[in-house]
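Following: one structure in structure tokens, then a few remarks.
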Amino acid sequence: MAMASHLSLFLLALSAISASADVLWNIDCGSSDTYVDGNFIGWIGDNDLIQNGQSEVVPSSNSVDHVMSTLRVFTTRKKNCYSLKVEKGGKIYARASFYYGNYDGKSAPPTFDLHYDGNYWATVETSNDQVVYYETIYVVNGDSMSVCVAQTQPNQYPFMSALEVRSLGSNMYAHVDSGYALYLKARVAYGTTADVRYSADAYDRIWQPAAIGTGLTVVTSDASFIDTTSIDDNPPEAVMQNAVTASKASDSIPLTIGFPARAVPTYMNLYFSEVTQLDTTQKRSFELYANDKPLPNPEIIFPPFGTVTEMWLTNFSASSNTSFSLVATSDSTLPPLINAMEVFYVDALADGTNSKDVDGLSSLQTEFTNLQDWSGDPCLPSPYTWDWLNCSSDATPRVTALNLADNKLSGQIPSSLSKNNKIKLTVSGNPELCVLGKSCKTESTSTGGGLSDTPLTSSGKKSSKLPAILGGTIPAFFVVWIIVGVVIVLHQKRKREAITAMTAGQTGGANMGNGGPRATANSGQMGGKLGQVAMNEFRVNVEQQMSNEISKLIREQVQDDDNQGVQNS
């Protein structure tokens with residue numbers, strides 16, 4: 001389909017989605033369609049949102065939504081990401097859904113990792129016949145977010161069925177610092193018999209029916225209307241219309257959550273609404289207990305009729321040894337009750353790769369088409385650094401090396417690089433890179449410092465503009481960074497000798513490509529030290545020579561009718 005048609009469909013979808021102001025993205029992965037679904041407002045396919053992966057059709061099933069009938073599976077690269085525009089500094093609620101449905105006929109649902117913005121999100125465990133989904137709430141640092149799947153097991157290929165992103169008010173889920181993210185553990189509505197979601201919940205949170213334990217009773221509210229706007233987290237009215245209660249005041253309500261064996265930081269929201277108008281002889285009041293004891297500084301809960309009160313619990317850790325229950329106060333004539341509950345795990349957000357390095361890589365990607373399927377955070381999470389990159393182990397990682405060898409790049413190498421005796425530059429595997437002032441038809445080899453060439457090109461055509469890329473579109477810091485990277489990370493067969501020559505006896509190596517192991521702290525430090533030494537030794541030489549020479553080249557080459565930018569095969 002032509003790009004104009006894709007754009008029209010995309011705008012149509014955005015127009016449909018905008019009918020609900022909280023919806024930022026509804027992405028039907030593996031689909032090329034834009035449509036309005038019976039259960040939702042608008043969905044768009046992902047063909048224009050990601051370059052990698054292949055679409056697959058899932059065998060039809062009446063038990064799942066239409067959006068689960070396709071998926072996108074990723075059989076190459078260790079990490080594949082969607083990058084989506086969002087409001088900078090906004091609080092968002094994201095859900096990634098996965099329905100294997102035996103699409104490949106192997107009856108082998110895969111396991112893989114889920115990331116966002118350089119943070120680990122979850123280990124996805126898919127099912128033959130069940131939809132699994134994972135949710136997170138956090139404040140974004142930039143004007144875009146990335147959601148990635150990463151392969152963790154041989155021959156188990158990650159996929160995604162749907163990706164949804166909502167905007168939340170800044171006052172929602174605000175009892176956790178903005179430097180932390182919430183990961184959904186459970187969201188339950190007591191007394192309902194089916195999921196409650198959009199349109200009952202404007203944010204399309206999924207409230208699942210709760211398991212009702214022995215001795216508990218489902219009760220329905222007598223209120224004709226329940227006002228939920230009085231509390232910041234705005235639960236839908238539908239989940240407040242029912243509740244569970246104990247049979248008598250002396251009985252407690254256990255809250256079954258299923259925490260992991262290892263204690264994890266946890267955040268809880270509990271929602272309460274009285275189900276009947278009490279008379280003067282009745283009183284319902286209760287407390288939240290942890291491990292059969294009242295919480296420090298206990299809060300007495302008095303559920304209001306026709307409105308909602310909320311209790312939140314934060315700054316605590318819980319494990320499988322932790323239990324919670326609602327216990328009536330000694331003067332309460334009625335047993336406790338509860339309408340709904342949300343439970344989240346809490347973890348600190350990663351700072352992400354240094355923003356200057358990210359900007360530099362973005363500039364590089366705009367010129368090298370074979371780098372454009374890089375996506376997500378370049379360095380994080382650490383086992384899933386971009387191919388051909390080395391990164392430091394800092395809290396805010398820096399890129400320490402870029403290995404551009406063996407990429408069949410074309411263009412001219414500026415003399416400021418090729419004639420600099422302090423730089424041993426290897427360009428093997430890029431036969432159409434030309435040394436300035438020499439014919440691309442000839443072979444040239446320089447000894448000692450400077451350039452070491454493989455045979456270049458016999459095409460005779462005028463090459464396009466590598467110098468313009470290095471000097472014109474990439475910031476000055478990044479020019480030096482690329483030079484250092486090329487010096488450090490050499491062709492596979494020559495890297496040991498070259499690194500030894502550069503470091504005068506130091507040891508260390510580049511990361512393996514294709515998602516190989518991340519550099520150790522020592523190798524990251526070595527790369528950083530090498531970079532600093534190189535910068536100190538030839539920063540002025542390189543920047544001055546390249547500035548003058550590249551400006552001249554740009555003026556000459558922008559007049560050419562040849563294809564602009566570096567070409568790759």
Side-chain angles (χ1 to χ4, degrees), residues 175 184-193 196 207-223 226 228 231 233 235 239-261 263-345:
H175 301 287
L184 181 67
K185 166 58 180 174
R187 181 183 290 114
V188 296
Y190 291 92
T192 61
T193 57
V196 175
W207 303 79
Q208 296 181 318
I212 306 301
T214 303
L216 300 181
T217 303
V218 176
V219 290
T220 301
S221 177
D222 295 335
I226 302 175
T228 64
I231 58 176
D233 293 322
V239 305
M240 306 306 300
Q241 292 172 341
N242 298 288
V244 295
T245 184
S247 57
K248 55 183 182 295
S250 58
D251 292 342
S252 63
I253 299 177
L255 303 179
T256 303
I257 297 172
F259 290 115
V264 292
T266 304
Y267 174 82
M268 293 175 59
N269 284 342
L270 307 175
Y271 302 94
F272 310 95
S273 179
E274 183 57 74
V275 293
T276 189
Q277 189 73 59
L278 303 184
D279 60 35
T280 57
T281 65
Q282 295 175 306
K283 180 179 181 180
R284 193 190 307 272
S285 59
F286 49 91
E287 301 174 70
L288 178 65
Y289 276 41
N291 296 329
D292 299 322
K293 295 179 180 179
L295 296 177
N297 304 314
E299 176 182 347
I300 307 299
I301 302 162
F302 300 91
F305 179 71
T307 60
V308 179
T309 189
E310 176 183 9
M311 179 183 183
W312 58 86
L313 191 61
T314 187
N315 294 326
F316 76 99
S317 293
S319 70
S320 56
N321 294 323
T322 307
S323 64
F324 290 96
S325 58
L326 298 173
V327 179
T329 59
S330 59
D331 59 345
S332 179
T333 63
L334 297 174
L337 63 73
I338 183 170
N339 302 75
M341 176 177 68
E342 295 177 285
V343 182
F344 301 91
Y345 298 147

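Note that these values count all heavy atoms, side chains included, but never hydrogens, waters or copies made by symmetry.
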- [ ] Identify the heavy atoms of T193 and P209 that sit nearest to each other, and give their distance.
- [x] C-CG, 3.7 Å
TODO: Mark yes when over 12 heavy atoms from residues, nucleotides or ligands other than D292 sit less than 6.0 Å from its CG; otherwise mark no.
DONE: no
Task: S252 versus V327, closest heavy-atom pair with distance - done: CB-CG2, 3.9 Å
Open item on the list: Any heavy-atom pair between the side chains of K283 and D331 that's under 4.5 Å?
Closed with: yes
Task: Minimum heavy-atom distance between W207 and A189, given as atom pair plus value - done: CB-CB, 4.1 Å
- [ ] Taking all non-hydrogen atoms of both residues into account, name the closest pair between S325 and P254 and its distance.
- [x] CB-CA, 4.1 Å
Open item on the list: Can you tell me how the ring of Y267 sits relative to the ring of F344, calling it parallel under 30°, perpendicular over 60° and tilted otherwise?
Closed with: tilted
TODO: To the nearest 0.5 Å, tell me how far I226 CD1 sits from M240 CE.
DONE: 6.5 Å
- [ ] Flag the pair P265 / S317 as yes when at least one side-chain heavy-atom distance between them is below 4.5 Å, and no otherwise.
- [x] yes
Open item on the list: When you compare the side chain of E287 with that of T329, does any pair of heavy atoms fall below 4.5 Å?
Closed with: yes
- [ ] Specify whether F272 and F286 have parallel, tilted or perpendicular ring planes, treating 30° as the upper limit for parallel and 60° as the lower limit for perpendicular.
- [x] perpendicular
Task: Side chains of S273 and N339 in contact at under 4.5 Å (non-hydrogen atoms) - done: yes
Task: Exercise: identify the closest heavy-atom pair between Y345 and P260 - done: OH-CD, 3.0 Å
Open item on the list: When you compare the side chain of L313 with that of F324, does any pair of heavy atoms fall below 4.5 Å?
Closed with: yes
TODO: Mind checking side chain to side chain donor-acceptor pair (under 3.5 Å) for N321 and listing every partner two or more places apart, or none if nothing turns up?
DONE: none
Task: Side-chain touch L337/E274, heavy atoms, less than 4.5 angstrom - done: yes
Task: T322/N291 under side-chain contact (heavy atoms from CB on, under 4.5 Å): CA gap, chis, key distance, verdict - done: CA-CA 6 Å; T322 307; N291 296 329; 4.2 Å; yes
Open item on the list: I need the L255 CG to Y289 OH distance, nearest 0.5 Å.
Closed with: 13.5 Å
TODO: Compare all side-chain heavy atoms of R284 with those of T245 and state whether any distance is below 4.5 angstrom.
DONE: yes
- [ ] Can you measure from CE (M268) to NE2 (H175) and round to the nearest 0.5 angstrom?
- [x] 14.0 Å
Open item on the list: Distance check, rounded to the nearest 0.5 Å: N242 atom CG versus I338 atom CD1?
Closed with: 13.5 Å
Task: Smallest separation among heavy atoms of Y190 and V244, with atom names - done: CD2-CG2, 3.6 Å
Task: CE on M311 to CG on L326, rounded to 0.5 Å - done: 8.5 Å
Task: Rounded distance [0.5 Å steps], OH in Y271 versus OG1 in T228 - done: 10.0 Å
TODO: Check whether any side-chain heavy atom of T266 sits under 4.5 Å from a side-chain heavy atom of V343, and report yes or no.
DONE: yes
